[in-house]
Amino acid sequence: MASLRSIRLSLRFVLPLAVALVLLAYAVLPLVGGLTVRWFVRDLDMRSRIIASALNTSLVELVNTGDRERIDAMFLRAIQDERLLALGFRDENGDLLYKTSTFPASLNRTISASHDLKFERLITLPQGPVHVATWPVESDGKRIGYLILVHDMSFVARRSDETRTYVIVLFAVLGIVVSLITVLVAHLSWRGWMKGVQAMLRGEGIFRPFEQPARSAELQPLVGDLRALLRRLDSERRFADDITLSWNPEALRRLLRQELTGERIIVVSNREPYIHAKAHGITEVQRPASGLVTAVEPVMRACSGIWIAHGSGNADRESVDRHDRVPVPPGHEEYTLRRIWLTKEEEAGYYYGFSNEGLWPLCHIAHVRPIFRNGDWEQYVAINQRFADAVIQEADSEDPVVLVQDYHLALLPAMVRSALPKATIITFWHIPWPNPESFGICPWRMELLEGMLGSTILGFHTPYHCKNFLETVDRYLETRIEHESSTISYHGNLTLVESYPISVQWPSPWGDTLPSVETCRREILASHGLSPDHLVGLGVDRLDYTKGILERLRAVERMLELHPEMIGRFTFIQIAAPSRSALEDYQAFEARVRNLATRINQRFSTGSYQPIVLKVEHHEPEAVNRYYRAADVCMVTSLHDGMNLVAKEYVSAREDERGVLVLSQFTGAAHELHEALIVNPYHIEQTAAALFQALTMPAQEQAERMRSMRALIRDFNVYRWAGRMLLDAARIRRRERLTARLSHGREHGG
Ligand code: F6P
């Protein structure tokens with residue numbers, strides 16, 4: 001195996017080298033041939049001149065006496081030289097008076113036809129190429145004729161062939177020598193790198209900073225990444241080392257007990273996990289359409305503790321105790337929801353204004369311009385302080401563990417930090433982080449960054465968002481950034497910036513409670529008046545312009561144009577939860593979605609068939625999961641999205657390993673779910689083609705793709721997402737406590 005690897009490594013170097021040398025030889029050989037001929041011709045010109053001048057005196061005498069016999073004998077002697085093929089003498093009139101018997105007859109004709117009496121040239125005769133030179137024969141300065149010297153050129157061709165052979169051999173030897181040296185150097189370097197990486201994997205120069213660092217300088221850039229990876233794997237392994245104990249609620253509880261000494265978790269977010277809504281005198285508990293809630297709620301149920309959020313339901317106040325608390329989930333309480341109240345004006349400024357007209361479009365590349373107003377900012381600051389006060393009030397120790405969620409509360413970490421300097425604050429940013437130029441649009445960019453840098457850990461979905469954040473801080477604040485450890489030091493506080501791709505509960509909470517996939521499918525199809533073999537596509541989103549709903553509907557339209565056989569056979573169901581409807585941009589967006597759906601339906605409907613079913617209404621997670629199970633294809637076409645948990649929920653719902661996910665390349669999920677059909681949602685034809693491919697994909701391929709994506713979500717579920725952050729937090733807490741003890745000891749002379 002090792003030798004196979006070594007052969008492969010050698011070939012990787014040798015093959016390109018060999019190809020380059022062959023090409024070089026191919027280019028050089030004709031040049032070598034031409035050069036050789038030129039050299040020999042010059043050589044023959046010289047020889048001809050020398051022979052001519054050597055024969056001149058005797059020839060003059062013999063020509064003057066007309067002694068043919070002696071001329072023939074002299075010529076015969078001269079052509080004993082293997083290269084001199086023939087000699088001849090022509091007078092001033094051009095008549096060939098004397099010649100050797102070897103003088104080619106055809107040459108005689110060529111010379112007679114030539115007007116130039118004196119020349120040197122290469123002539124190709126039937127018997128091969130010859131070099132012909134004529135030299136004047138002079139007696140006392142008077143020309144009496146010309147000596148014609150004919151040299152055989154076939155030896156030049158022979159020499160040229162020999163030279164070519166030498167050149168080829170030279171290139172071959174050169175190739176072998178260079179290859180050997182390259183392979184040797186490559187192997188030595190490779191071995192060095194392997195040893196270096198192995199040493200790093202053993203922890204040398206990784207965990208102990210004062211130790212000899214990674215031996216090879218080329219490996220230095222890897223040290224930081226490896227250090228982070230190893231630390232993570234190491235701490236994760238301590239909780240999930242037994243592979244049968246995967247990341248689950250029990251693992252999280254164990255983590256809290258062992259690593260965080262049973263700390264009570266405080267979660268703080270704008271959106272609450274349960275909304276008490278009253279309609280027609282009846283109060284219902286709703287689960288909002290929110291990726292944040294989908295992810296954090298199961299974690300909270302596992303950890304218990306308190307969740308502080310805005311009480312946005314019209315019956316929320318009626319459901320809380322005098323401390324604004326209510327135990328949830330209703331019926332089987334596992335943690336406490338503490339509600340924060342906002343007036344209409346406060347909600348308009350803090351939530352609709354600064355958060356959703358300012359930060360939301362600022363962080364998403366969706367071609368909607370952010371709007372910033374002083375009044376919104378003031379509300380944002382005030383409401384962040386109100387949430388922070390609630391956190392401080394709920395903390396039952398001087399160093400609570402606080403999980404801050406999302407862009408609504410960017411200022412809160414620093415606010416909590418100033419009251420509770422020892423708090424462990426983990427902030428997770430659920431949306432993308434833009435590049436420094438885009439973020440620079442915000443008039444309060446520095447205040448936001450300062451607020452976030454109150455965090456102990458700052459989490460994003462992808463390394464790319466982390467990089468953007470580090471660059472943004474670098475651009476706008478005076479801080480110390482350690483890229484190797486991905487930390488930012490600001491005003492004595494250290495913040496770890498790390499990517500923690502969010503996920504969903506595994507196994508799906510609906511696996512046991514919902515009917516089988518077949519039943520869900522049958523029921524959903526029947527409820528829409530569709531036949532059992534009808535094909536169903538599904539979209540599940542908040543009605544938000546970042547979700548690419550218009551692009552998706554256009555792709556459906558295009559697919560029907562290109563594949564009319566799908567008309568009447570395929571229906572696309574779009575579940576669109578109303579969202580932020582108080583904002584103009586959202587109202588306009590809803591109108592556009594409705595108009596487009598109507599136009600497409602008018603175009604393709606036949607009888608009772610409509611290709612698009614648009615359901616602009618709230619759906620509880622259970623209902624959404626029934627749709628997941630019924631759909632042949634789920635389309636997630638966000639124009640920009642931090643992660644997008646609909647993609648992961650769809651995969652997790654498909655325990656039958658059927659169904660295809662069409663997924664936008666601009667989602668965080670696309671970095672993990674490679675077996676989805678990845679599309680650029682702006683490219684309508686490409687998305688339409690992917691939809692058609694999904695609808696016609698063989699069951700076997702669907703199963704292979706689904707199985708692989710399900711394995712990823714199983715291994716990287718939401719408990720692992722939370723667990724990784726909590727493990728990092730525990731490690732940092734231990735280190736901080738140790739540092740505090742040591743400095744306390746030093747101060748007291750210990
Ligand atoms: O999709 C990103 C996200 O910030 C989620 O984290 C959150 O659930 C949602 O958007 C916010 O929506 P809303 O304004 O309804 O709380």
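The first residue in the sequence is number 1, and the count goes up from there. Everything numeric in this text was worked out from a predicted model, so none of it was measured.
For the residue pair E675 and S708, a side-chain donor N or O sits within less than 3.5 Å of a side-chain acceptor on the partner. Using modelled atom types and a 3.5 Å distance limit, the side chains of R552 and Q574 yield a donor-acceptor pair. E297 and Y274 share a side-chain donor-acceptor pair at under 3.5 Å. In this structure, a donor-acceptor pair under 3.5 Å is absent between the side chains of T667 and S664. With no hydrogens or angles considered, no side-chain donor-acceptor pair links D406 and W429 at under 3.5 Å. The closest side-chain donor-acceptor pair between Y407 and N356 falls under 3.5 angstrom.
Other residues, nucleotides and ligands place no more than 12 heavy atoms under 6.0 Å from the CZ atom of R569.
Judged by the 6.0 Å distance and 45° axis criteria, R317 is positioned over the aromatic ring of W341. Taking the ring centre of F716 as origin, the terminal cationic atom of R720 falls inside the region bounded by 6.0 Å and 45° from the ring axis. In this structure, R580 forms a cation-pi arrangement with W360, its terminal cationic atom sitting closer than 6.0 Å to the ring centre and no more than 45° off the ring axis.
Among the candidates R339, Q286, H310, the single residue satisfying the side-chain hydrogen bond (donor to acceptor under 3.5 Å, both in side chains) test with E272 is R339.
Of the possible donor and acceptor atoms, none in the side chain of H534 sits under 3.5 Å from a partner among the backbone N and O of L530.
Ion pairing of R710 with E655 is absent here, as no side-chain N (NZ or NE/NH1/NH2) approaches a carboxylate O to less than 4.0 Å. Taking 4.0 Å as the cut-off between side-chain N and carboxylate O, E557 and R554 do not count as a salt-bridged pair. Under 4.0 Å is where a charged nitrogen must lie from a carboxylate oxygen, and between E590 and R594 at least one such pair does.
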